[in-house]
Amino acid sequence: MSMPAIKAEATAVAIPTASPTAAAPVVTMTPKPAPRAEKYVKMTKEIAARVVPPLIVLALLMLFWELVCRRTGSTLPPPSRVFKDTKELIFDPFFDNGGIDKGLFWHLSASLQRVAYGYSIAAVVGVALGTLVGQSVWAMRGLDPLFQVLRTIPPLAWLPLSLAAFRDGQPSAIFVIFITSVWPIIINTAVGIRNIPQDYRNVAAVVQLNPVEFFSKIMIPAAAPYIFTGLRIGIGLSWLAIVAAEMLIGGVGIGFFIWDAWNSSHISEIILALFYVGIIGFVLDRLIAGLAKIVTRGTALN
Amino acid sequence: MQAYLKLDHIDKTFTRGNATTDVLKDISLTIGKGEYVSIIGHSGCGKSTLLNIVAGLTGATNGGVLLENREVNSPGPDRAVVFQNHSLLPWLTVYENVKLGVDKVFASTKTRAERAAWVMHNLNLVQMAHAKDKRPSEISGGMKQRVGIARALAMEPKVLLLDEPFGALDALTRAHLQDSVMALHQKLGNTILMITHDVDEAVLLSDRIVMMTNGPSARIGEVLEVPLARPRKRLELATSPGYLKCRQRVLEFLYERHRFVEAA
């Protein structure tokens with residue numbers, strides 16, 4: 001979904017090139033407009049080369065799905081049916097009839113909000129604990145076995161316990177997000193800190209950086225590629241966990257929307273929701289990957 | 001000669017489990033202010049360990065290091081190190097790499113503008129001002145080492161420690177950088193302690209060459225004065241009898257009397 005958006009942007013950019021070429025005879029001194037137009041044509045071609053193949057595959061899959069599910073007695077609706085059934089939901093994501101009868105935008109934003117809280121806490125705690133474990137041999141010996149056991153517990157297994165502790169759906173869901181995404185962040189940060197070359201530590205020692213400066217100027221940038229690997233795995237896991245957790249806790253949220261649709265046999269709505277879940281998961285992953293690219297530029301070994 | 005940097009009966013023993021290895025044995029050396037001293041020896045003889053002890057990055061088992069008659073046993077900007085593999089921080093630009101040390105050392109004595117000017121001054125000294133906004137991955141190995149030298153010089157160290165600074169460079173770049181270091185030493189009068197395994201480099205640059213015996217328990221085998229007038233010119237020296245004699249002495253020491261034993 002994000003790719004067509006890029007294409008739309010590119011074509012929008014390409015349009016203005018026509019005007020300088022048109023205005024050229026009036027100015028007489030044209031600073032070579034042709035190569036610029038060529039550049040845009042080339043850019044459009046490049047983007048098209050990347051966007052067209054997935055579009056073709058998507059179209060073929062849709063066709064296949066349509067053909068398979070169109071037969072009478074099929075248990076799942078074909079894409080055309082899905083579109084017809086969910087047109088209202090697609091074109092009006094913002095309605096709010098109170099209770100849980102809300103547009104998809106509200107469900108998704110409620111889920112994203114829970115992820116934002118849980119994941120932010122996990123990022124801060126994960127980097128802090130990871131630094132501790134990476135830096136101190138004793139912390140590693142003490143904590144690492146514990147982490148290795150705890151991280152294998154499935155996210156949903158934490159839910160009853162957190163419901164018992166918090167006695168409320170919202171903090172329980174946030175806790176499940178936190179506990180799911182914190183492990184890869186801790187473990188990757190610890191590996192990153194442990195792998196900081198001795199050279200960088202020597203430089204810091206000669207320059208006499210204090211511990212705070214050492215943390216912010218050497219440790220975090222040096223371990224950034226590892227930290228972001230952990231953060232990226234973490235965001236994926238938290239998006240996986242939230243849908244499952246919301247199915248159980250109820251209220252507003254995309255997970256419960258799916259469960260509710262199943263209970264009312266609105267299979268088309270489930271399919272639409274899955275589509276949105278996939279797209280948002282993809283966008284979240286890209287967001288963290290993009291952030292990593294900006295933050296860690298130049299950190300690659302030289 | 002007035003002692004400026006003094007290595008006083010340094011022993012170094014590494015212990016791993018039950019096994020102990022004597023690396024350095026009874027190293028004593030006195031270096032005067034403004035002197036350029038090289039330490040040469042076969043690989044594995046502990047010369048880098050010795051430099052790390054002077055830098056304060058490694059502790060000596062016995063003995064100690066005195067700088068201006070005061071014992072130093074932790075790292076500090078008064079003994080700036082140019083590392084063999086340059087050790088520039090890859091996420092910082094050339095300018096920021098030099099600035100890192102400058103900001104710490106001159107935090108209270110120079111204003112922000114003065115510090116910025118000082119960073120640029122030092123980049124100019126090594127002819128790297130043009131690349132100030134580049135990252136280490138975007139410049140060549142020789143350029144990285146120049147920046148490493150600028151970073152060390154910018155801390156205004158009392159002693160500049162060079163740990164095989166040109167070892168990883170190709171011969172032409174190495175010669176070029178050696179000339180640069182010679183010019184800087186001439187201009188700034190730094191006290192320099194350099195580790196090397198290159199005989200020509202040692203003779204060309206040094207006032208004195210400290211030759212180390214093979215480890216384990218390496219000690220100072222011989223100290224050779226290089227009585228060549230400065231400024232020295234690479235091409236003229238190539239045929240000068242004084243230069244050839246010094247070179248011969250070092251070669252004899254390394255390859256006849258203390259030949260590198262493969263098994264060791």
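All chains are named by letter (A, B, ...) in the order of the sequence lines, taking the proteins before the strands, and each is independently numbered beginning at 1.
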With heavy-atom distances below 4.5 Å as the criterion, would you say the side chains of B/L89 and A/K217 are in contact? no
Assert top hit (heavy-atom pairs under 4.5 Å, partner chain A, pool B/S87, B/S74, B/G101) equals B/S87
Within 6.0 angstrom of A/Y117 OH, more than 12 heavy atoms from elsewhere: no
Is there side-chain contact between B/V81 and A/N202, with heavy atoms separated by less than 4.5 Å? no
Any idea which heavy atoms bring A/Q208 and B/G76 closest together, and the distance? NE2-CA, 3.6 Å
In terms of heavy-atom pairs under 4.5 Å with chain A, the winner among B/E138, B/Q84, B/R151 is B/R151
Residue pair A/Y200 / B/L88: nearest heavy atoms and the distance that separates them: CE2-O, 3.9 Å
Considering all heavy atoms, the nearest B/R79-A/V206 contact: O-CG1, 4.3 Å
Within 6.0 Å of NE2 in B/H121, more than 12 heavy atoms from elsewhere: yes
A/L209 side, atom CG; B/D103 side, atom CG - distance, nearest 0.5 Å: 10.5 Å
Pick one of side chain, backbone, both or neither for B/L57, based on which atoms fall under 4.5 Å of a heavy atom in chain A. side chain
B/K104 side chain reached by A/N210 side chain, heavy atoms, under 4.5 Å: yes
Counting only non-hydrogen atoms closer than 4.5 Å, does B/N52 touch chain A with its backbone (N, CA, C, O), its side chain (CB onward), both, or neither? neither
